[in-house]
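First up is the structure itself, then whatever we jot down about it.
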Amino acid sequence: MKIFNTLTGQKEGFRPLGDEVRMYVCGVTPYSECHIGHAMSYIIFDVARRYLEFRGHKVRYIQNFTDIDDKIIDRAATAGVPPQELAERQIAQYFSCMDALNIRRADAYPRATEEIPKIIEVIQGLIDKGHAYRTEDGSVYFRVKSDPDYGKLSHQDLDALQSGARVEVDAEKEHPLDFALWKAAKPGEPAWDSPWSKGRPGWHIECSAMSLKYLGEQIDIHGGGQDLIFPHHENEIAQSESFTGKEPFVRYWMHNGLLRLGEVKMSKSLGVLVTVHEVLERYTSDAVRLFILSSHYRSPLSFSDEGLEAAERGLERLQQAAGGGRNEDAGGKPPTIDVDAVRQAFIGAMDDDFNTAQAIGTLFDLAREINRARSEGVDVKPAQALLRDLAGVLGLTLAEREISLDAQPFIDLLVQVRTELRKEKQWKLADQVRSGLEELDIILEDTPKGTVWRKGRKQD
RNA sequence: GGCGGCGUUGCCAAGUGGUAAGGCGAGGGUCUGCAAAACCCUUAUUCAGCGGUUCGAAUCCGCUCGCCGCCUCCA
């Protein structure tokens, strides 16, 4: 399989360094609710991980929480709660969002505040090697001039980066692009002891430290949004490679395109965002996933209700084809669908840098074949199993909407009564029952084998 | 200014040299008491524009136009 590597700007054949794929994805700073931009990124990497496993790899997947930083401190102060309490609350909220989207949990979620010793070890190592220096107030900065290939990930050199820089010049720093590894605490801020001052880690250093600690000096895949390429990931490379002396720190850098709202990217700082919570009130998690995976992960995607609606309808077709929860007898005729060919088409698409859009195309092709074969009395069980299997690689459950168990006997009863009415050709009354149930979002379908019903798409 | 990317049918979206996947929508049909679901047919001679390379280009090259991201925190 091939993966597009941001570092080289090319698709490269993928081969893990060791027995298992070591994968690190930048997590969130838990200070506010997660939005669908987060959903997009984590769904994409969830699918990458699921697919790698589908292809027979063992994957070790690590994701961090930046549970201490300026924003958390500010926000906590405004809310009048301790920073850790705010972070804790938002982490819980994050998990509930991700779980709702059927995103599998990482193998570990290290937190910056719990990795201080490792962070200090890395910073000290960088100082010892001349890659970092302490300033008057006890902060420590990375010396970008000490890294000859600084800028290689964003394909810029120091001069180019500097010329467009909007960053303020700080008299403490040797170079404007030097960045904080350790920030000395101001009075009242959370702080940890260190050889340089009471303070807290800079934003970038935690990822290097955690990656080193949990995955080793060289890892296979490091992922995140394209907005993290500079400065975050650039700085991670500088720190990690300067510390270990080993290159490359990351063998495949993967970055997803950013979600847009209309014509601009969704962003916390711009205040334009839609929360996961809001989206899941209106659409199923399967639809959200299908919508996101319908375009290529490296392209920007515009959030739209039309797109979610389309995904929702398409999903219904996949559900129906997969069996739709109905109790149907297997057709009598032997299976005719070439499941191997479909599986290979799916793999062919996904092997090409996770081309989920094309892979989804193979799912719809399969759905059509299943429906056609089923109407001809062919046994479609194996094909349905494949459909569920492949959909599962994309994290689609194809689950029907559920209705409370309490209501089911009553619905069954009404359906039975209507069946009697239909036998007596009492169409008007029968139709009344059907439309009445439809009002309650119960959809009736009269099939040759009898009437079946399912939950519709109205919101509860 | 530097770096990166995008512009494909009504909408969304694959496709990076061999003659335009797929989804949604729309129209027609089959099935049905009528529906629903499903299936069948139709819906881009054309890929922002203009040149060039090639037997052949949406795909490669050049230019033009339009749009976006990054160079500050951000998935």
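Quick note on labels: first sequence line is chain A, next is B, and so on, each numbered from 1. Keep in mind that the numbers below use all heavy atoms, side chains included, and drop hydrogens, waters and symmetry copies.
With P as the reference atom, B:A58 and B:A21 are 14 Å apart, rounded to whole Å. Between the P atoms of B:G1 and B:G18, the separation comes to 37 Å (whole Å). Nucleotides B:G17 and B:A57 place their P atoms 14 Å apart, quoted to the nearest Å. Atom name C1', nucleotides B:G56 and B:U45: the rounded distance is 16 Å, in whole Å. With P as the reference atom, B:G52 and B:A14 are 31 Å apart, rounded to whole Å. To the nearest whole angstrom, the two P atoms, one in B:U8 and one in B:U59, are 13 Å apart. Straight-line distance between the C1' atoms of B:G23 and B:C34: roughly 29 Å, to the nearest whole Å. For the C1' atoms, the distance linking B:C39 with B:C31 amounts to 9 Å, nearest Å.
No engagement by A:G223 is indicated, since no non-hydrogen atom pair under 4.0 Å with the nucleic acid exists. Using a 4.0 Å heavy-atom cutoff across all strands shown, A:D70 reaches no nucleic acid atom at all. Among the protein residues, A:L444 comes within range of the nucleic acid bases, having at least one heavy atom under 4.0 Å from a base atom. Across all strands, A:R418 comes closer than 4.0 Å to base atoms (heavy-atom distances). Among the protein residues, A:F291 comes within range of no part of the nucleic acid, since none of its heavy atoms lies under 4.0 Å from any strand. Note on A:E306: nothing from the nucleic acid sits closer than 4.0 angstrom, heavy atoms only. Residue contacts shown for A:I229 are absent, as no nucleic acid heavy atom lies under 4.0 Å away. The residue A:G307 sits apart from the nucleic acid: no heavy atom pair falls under 4.0 Å. Among the atoms of the strands shown, only primed sugar atoms or phosphate atoms (P, OP1, OP2) are found under 4.0 Å from some heavy atom of A:P231. Across all strands shown, A:H255 has no heavy atoms under 4.0 Å from either base or sugar-phosphate atoms. Backbone-only engagement by A:N371 is indicated by non-hydrogen atom pairs under 4.0 Å involving sugar-phosphate atoms exclusively. A:S375 comes within contact range of no nucleotide atom at all, as no heavy-atom separation falls under 4.0 Å.
A donor-acceptor contact under 3.5 Å links the side chain of A:R422 to the base of B:G33. Donor-acceptor pairing under 3.5 Å, judged by distance alone, is absent between the side chain of A:D227 and the base of B:C73. For a distance-only test at 3.5 Å, the side chain of A:R434 qualifies as a donor-acceptor partner of the base of B:A35.
Note: A:H255 and A:H233 meet the aromatic proximity criterion, with ring centroids under 6.0 Å apart. Ring to ring, A:F65 and A:Y94 are close: their centroids are under 6.0 angstrom apart. Not less than 6.0 angstrom separates the ring centroid of A:Y141 from the ring centroid of A:F179.
Stacking between A:Y42 and B:A75 is absent: the ring centroid is not both under 5.5 Å from the six-membered base ring centre and under 30° in plane angle.
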Extract all donor-acceptor atom pairs below 3.5 Å that involve side chains of residues 356-367 of chain A and protein atoms in other chains or at least two apart in sequence.
{"residue": "A:T356", "atom": "OG1", "partner": "A:L293", "partner atom": "O", "Å": "2.7"}
{"residue": "A:T362", "atom": "OG1", "partner": "A:A359", "partner atom": "O", "Å": "2.5"}

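Judged by distance alone, the side chain of A:E312 and the main-chain N or O of A:Y283 form no donor-acceptor pair under 3.5 Å. A donor-acceptor distance shorter than 3.5 angstrom exists from the side chain of A:D353 to the backbone of A:F4, with no hydrogens or angles considered. Here the side chain of A:S435 pairs a donor or acceptor atom with the backbone of A:Q432 at under 3.5 angstrom.
The nearest heavy atom of RNA chain B to A:G257 and to A:S299 marks one nucleotide each, and the one closer to the 5' end goes with A:S299. In this structure, A:K11 and A:A357 both approach RNA chain B, and ranking their closest nucleotides by distance from the 5' end singles out A:K11.
For A:R368, the listed nucleotide lying nearest its side chain is B:C40; candidates were B:C40, B:G25, B:A36. Side-chain proximity of A:D446 to the nucleotides B:G33, B:C39, B:A75 is greatest for B:G33. Nearest to the side-chain atoms of A:A160 among the listed nucleotides B:A75, B:C24, B:G2 stands B:G2.
Contact annotation: A:N355 reaches the phosphate of B:G15 (side-chain N/O to OP1 or OP2, under 4.0 Å). At the phosphate of B:C3, neither OP1 nor OP2 sits under 4.0 Å from any side-chain N or O atom of A:H155. Distances shown here put every side-chain N or O of A:R374 at or beyond 4.0 Å from the OP1 or OP2 atom of B:C39. A close approach under 4.0 Å does not occur between any side-chain nitrogen or oxygen of A:R454 and OP1 or OP2 of B:A37. OP1 or OP2 of B:G23 lies within a sub-4.0 Å distance of a side-chain N or O belonging to A:R317.
Inter-residue side-chain proximity for A:R289 and A:M40 is flagged as unmet; no heavy-atom pair is nearer than 4.5 Å.
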